[in-house]
Amino acid sequence: MCRAAIRRSFVAWAAALMAVLAIPLCSSATAIADTPPVPAATTTAFQVPVRFVAGCLLLTVLACDYPPPLSTVTPSATTGTSGMVTFAAERSTTTSTYCVAVSVNWRNLTTGVAGTTALGLVGPDYSPPTAPEDRCRYAPATVITGSGTIAAVADVGAHPPVDGYQILVHPGLGTFPVP
């Protein structure tokens with residue numbers, strides 16, 4: 001009787017163990033590995049926009065704006081892809097007819113990597129009518145900065161117009177994280 005009782009308790013114990021293990025091991029649900037989430041693209045406008053004055057020389061006095069208007073360009077940085085930033089710029093609506101190129105100097109404060117990129121002007125669309133906000137458009141530029149905190153300074157003045165001048169009032173400044 002002692003042997004039979006031991007066998008029965010062993011069989012009952014083994015059956016209970018199989019029942020407990022069968023639920024998680026033999027379930028019909030399939031385990032799927034979690035893929036890391038793709039960071040959503042985030043666009044950050046520079047905290048300080050670029051302000052400048054652009055005008056023409058006296059040789060073309062009939063086409064000049066007097067006094068020349070104060071213009072503003074707001075650069076922005078779009079992050080989303082790991083270690084990459086796309087710089088863009090948008091000019092505020094102004095009566096000035098001068099479009100100036102913008103350059104962005106950036107530094108990764110985490111790694112020390114630095115660089116410069118130019119936001120060139122998109123060619124004008126001569127089909128009438130052209131709205132004032134579409135007069136000066138900038139081509140975005142993508143750079144590899146690496147992950148970390150980026151500090152960027154934007155300015156104008158690298159290529160003044162042939163028949164005019166441009167004076168930087170203050171550069172633009174922006175900081176933003178890159179995944």
Side-chain angles (χ1 to χ4, degrees), residues 39-60 62-179:
T42 303
T43 300
T44 305
F46 280 30
Q47 290 85 358
V48 178
V50 180
R51 306 280 319 243
F52 65 95
V53 175
C56 62
L57 299 174
L58 295 178
L59 299 175
T60 56
L62 297 176
C64 292
D65 297 325
Y66 287 110
L70 182 64
S71 300
T72 302
V73 173
T74 304
S76 63
T78 301
T79 62
T81 305
S82 182
M84 295 183 77
V85 175
T86 300
F87 291 107
E90 185 175 317
R91 184 164 176 185
S92 65
T93 304
T94 182
T95 58
S96 176
T97 58
Y98 287 96
C99 299
V100 297
V102 175
S103 63
V104 178
N105 300 299
W106 56 268
R107 177 173 296 274
N108 186 327
L109 300 176
T110 307
T111 63
V113 176
T116 300
T117 188
L119 303 178
L121 294 167
V122 174
D125 182 12
Y126 293 109
S127 60
T130 301
E133 61 270 9
D134 292 335
R135 191 173 297 143
C136 297
R137 294 179 298 141
Y138 295 93
T142 301
V143 295
I144 299 172
T145 60
S147 297
T149 301
I150 306 297
V153 175
D155 64 357
V156 299
H159 303 287
V162 175
D163 61 342
Y165 61 91
Q166 58 193 29
I167 301 168
L168 180 66
V169 175
H170 65 76
L173 172 67
T175 60
F176 48 91
V178 177

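Just so it is clear, the structure is predicted and the values come from calculations on it, not from any experiment.
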Subject >> Interatomic spacing from CD1 in Ile150 to CG in Leu109 - rounded to 0.5 Å >> reply: 7.0 Å
Original post:
Got a sec: does the CD1 of Ile144 have more than 12 other heavy atoms crowding it under 6.0 Å?
Top reply: no
Subject >> Backbone of Pro179 reached by a side-chain donor or acceptor of Ser147 within 3.5 Å >> reply: yes
Original post:
Mind checking whether Thr79 and Pro177 have side chains closer than 4.5 Å, heavy atoms only?
Top reply: no
**OP:** Give, for atom CG of Leu173 and atom CZ of Phe46, the distance between the pair rounded to the nearest 0.5 Å.
**Re:** 8.0 Å
Subject >> Beyond-backbone contact of Val50 with Leu168, side-chain heavy atoms, under 4.5 angstrom >> reply: yes
**OP:** Decide yes or no for Leu121 and Tyr138: does some side-chain heavy atom of the first lie under 4.5 Å from some side-chain heavy atom of the second?
**Re:** yes
**OP:** Write down the atom of Asp155, the atom of Pro171, and the distance for their closest heavy-atom approach.
**Re:** CB-CB, 4.4 Å
Original post:
If you measure from CZ on Arg91 to OG on Ser71, what distance do you get to the nearest 0.5 Å?
Top reply: 4.0 Å
Subject >> With Trp106, the side chain to side chain contact (heavy atoms under 4.5 Å, CB included) member among Val178, Val113, Val85 >> reply: Val113
**OP:** Please report the shortest heavy-atom distance between Thr110 and Gly148, naming the atom on each side.
**Re:** OG1-CA, 3.3 Å
**OP:** Check Ala101 against Val156 and note the closest heavy-atom contact, atom names and distance.
**Re:** O-CG1, 3.5 Å
Subject >> Distance-minimising heavy-atom pair for Val122 and Ala139 >> reply: CG2-N, 3.6 Å
**OP:** Would you list the pairs meeting side-chain hydrogen bond (donor to acceptor under 3.5 Å, both in side chains) in which at least one residue belongs to residues 45-54, sequence neighbours left out?
**Re:** Arg51-Thr72
Subject >> Minimal non-hydrogen separation, Thr74 against Ala45, with atom names >> reply: CG2-CB, 4.2 Å
Original post:
Backbone N or O of Thr145 within a donor-acceptor pair of the Asn108 side chain at under 3.5 Å?
Top reply: yes
